[in-house]
Amino acid sequence: MDDSVRSMATLYAQEFYPLAELIVVGGSSAGVRRPRSDIDLLVIGPAEMFREDAREAAHTDRFHGELFEVFACTPDVFHAHALAGVGRFRPVSAQMLVDGATVLDTGQHNELVSVVRSLIAAGPKPSPAELAQRRYSVTTTLDDLLDAVDSMERTVLAATLFQRLGEFLLLANGRWIGSGRWLLRRLLQWDESFTQQLGTAFATTDVVTLERLTLEALEPYGGRLMEGHRHGEPR
């Protein structure tokens, strides 16, 4: 992390969260910044940091010329968010804590950090039904793409297929999913060669190659899924 980011994050925390016990910078500002990068800031501390009965706050602030995206909360609220993110297979706040750059750590939340690190290291645990539903969604999206005749419709469906297939493959291989560029980054970490091929086919809306890559990717998990799929038992 750049020293200027560390200094700015420290100044921001001193101004708005002087009681903070753990501060972490996440996103691109924790590594290589881009021209329009904001500073993602995770702040954990006591309930006294907040007004009235609040125990968390999420806000966007302009401070000394820098744009801050802030999530501040108490330890128990953070733990609840981490568990919820794990349940959605996209633990954004938990991964920010694990992968981000620490600006301040008073050592009061070492147990929480350890628990969260264990959750992330364990990877997602999708049920067979979850994976089946996602495989079904990939199959139906592929069929919609193959039937599309309008160029804009093909582009939209190709993007949907990229996302759904990418998420399925990551979960089927014990990897966390992400959104936007984070989905792409996780796919590249998992299988760079396949992701490059898929990305090129998507970028050029090469439907023939998208079909081939999708079917090849699904084959180890049972291939296409349509007939016989159960969407859930009635309650």
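For the pair Arg230 (side chain) and Gly228 (backbone), a donor-acceptor distance under 3.5 Å is present. Using modelled atom types, no side-chain atom of Ser114 and backbone atom of Asn110 make a donor-acceptor pair closer than 3.5 Å.
Taken from CZ in Phe162 to CG in Leu213, the straight-line distance is 11.0 Å, to the nearest 0.5 Å. Atom CZ of residue Phe89 and atom CD of residue Glu167 lie 10.5 Å apart, to the nearest 0.5 angstrom. The CD atom of Glu130 sits 10.5 Å away from atom CZ of Phe168, with the distance rounded to the nearest 0.5 Å. Going from atom CD of Glu211 over to atom CG of Leu145 covers 8.5 Å, rounded to the nearest 0.5 Å. The structure places CD of Glu69 at 3.0 Å from OG1 of Thr60, a figure rounded to the nearest 0.5 Å. Asp144 CG to Arg154 CZ: the interatomic distance, rounded to the nearest 0.5 Å, is 13.5 Å.
A donor atom on one side chain and an acceptor atom on the other are found under 3.5 Å apart for Asp2 and Ser4.
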> Hey, mind stepping through His81 and Phe71 against ring-ring contact (aromatic ring centres under 6.0 Å, His included) and telling me if it holds?
Replying inline: CA-CA 11 Å; His81 276 287; Phe71 175 51; 5.0 Å; yes

>> Set out, in order, the CA-CA distance, both residues' side-chain angles and the distance that settles side-chain hydrogen bond (donor to acceptor under 3.5 Å, both in side chains) for Thr204 and Asp206, then state yes or no.
In response: CA-CA 5 Å; Thr204 57; Asp206 182 348; 4.8 Å; no

> Under the ring-ring contact (aromatic ring centres under 6.0 Å, His included) criterion, do Phe68 and Phe16 qualify, and how do the steps go?
Replying inline: CA-CA 12 Å; Phe68 280 80; Phe16 298 103; 8.5 Å; no

